[in-house]
Amino acid sequence: MHAKPRRHWPADRIPLQRAIMALALETYPRWSTIPELAREIGGSGALTRAAIELIKVGALESHGTAVRPSKPVAFVDKLGLP
């Protein structure tokens, strides 16, 4: 059996993903749309790709074009870990 090739996390998207998560956590539990996030953060195509990656790993949940942090992420944020 062959091991699956590892996908490299796109390091250039990490700052954008941090900005998305920070804004989404700030407004939690309200849903934010991708266009709202793009207006606040800037960009659209790269922002959409970054948000999709966060959805795929379970950090964001989505409903149409609206996103918000998943409950576990919001809970960990409330713990205020360093």
Side-chain angles (χ1 to χ4, degrees):
M1 180 178 241
H2 296 282
K4 284 185 177 181
R6 291 188 69 186
R7 243 185 111 216
H8 294 285
W9 194 259
D12 60 322
R13 291 193 195 137
I14 290 174
L16 184 54
Q17 289 171 332
R18 282 185 179 143
I20 292 168
M21 290 305 301
L23 188 57
L25 284 163
E26 186 178 300
T27 60
Y28 184 83
R30 188 179 76 74
W31 293 86
S32 299
T33 66
I34 298 294
E36 287 172 341
L37 293 171
R39 278 192 299 276
E40 291 287 328
I41 299 169
S44 60
L47 184 135
T48 300
R49 287 187 297 277
I52 289 169
E53 289 170 351
L54 290 167
I55 293 165
K56 285 182 180 179
V57 299
L60 289 177
E61 52 186 22
S62 66
H63 182 62
T65 63
V67 295
R68 70 178 179 187
S70 63
K71 287 181 183 179
V73 168
F75 179 79
V76 169
D77 181 61
K78 285 185 187 223
L79 292 176
L81 300 173

Checklist outcome for this item: Interatomic distance, CD@Glu53 vs CD@Gln17, rounded to 0.5 Å, equals 5.0 Å
Item to check | Nearest-0.5 Å distance that lies between atom CD1 in Ile34 and atom CD1 in Ile20 | outcome: 6.5 Å
Next on the checklist: Membership question, hydrophobic clusters at under 4.5 Å side-chain separation (ILVMFWY): are Leu81 and Val73 in the same one?
Outcome noted: no
Checklist entry - Mind checking whether Ile55 and Leu37 sit in one hydrophobic cluster, side chains of I, L, V, M, F, W, Y counted as touching below 4.5 Å? => result yes
Minimum heavy-atom distance between [X] and [Y], given as atom pair plus value:
{"X": "Ala74", "Y": "Leu25", "result": "CA-CD2, 4.0 Å"}
{"X": "Gly42", "Y": "Leu47", "result": "O-CD1, 3.9 Å"}
{"X": "Ala51", "Y": "Leu60", "result": "O-CD1, 4.1 Å"}
{"X": "Met21", "Y": "Pro69", "result": "CE-CB, 4.3 Å"}

With side chains defined as the heavy atoms from C-beta onward, is the minimum distance between [X] and [Y] less than 4.5 Å?
{"X": "Glu40", "Y": "Glu26", "value": "no"}
{"X": "Leu54", "Y": "Val67", "value": "no"}
{"X": "Glu61", "Y": "Arg68", "value": "yes"}

Checklist entry - So, does Ser70 use its side chain to make a donor-acceptor pair with the main chain of Gly58 at under 3.5 Å? => result yes
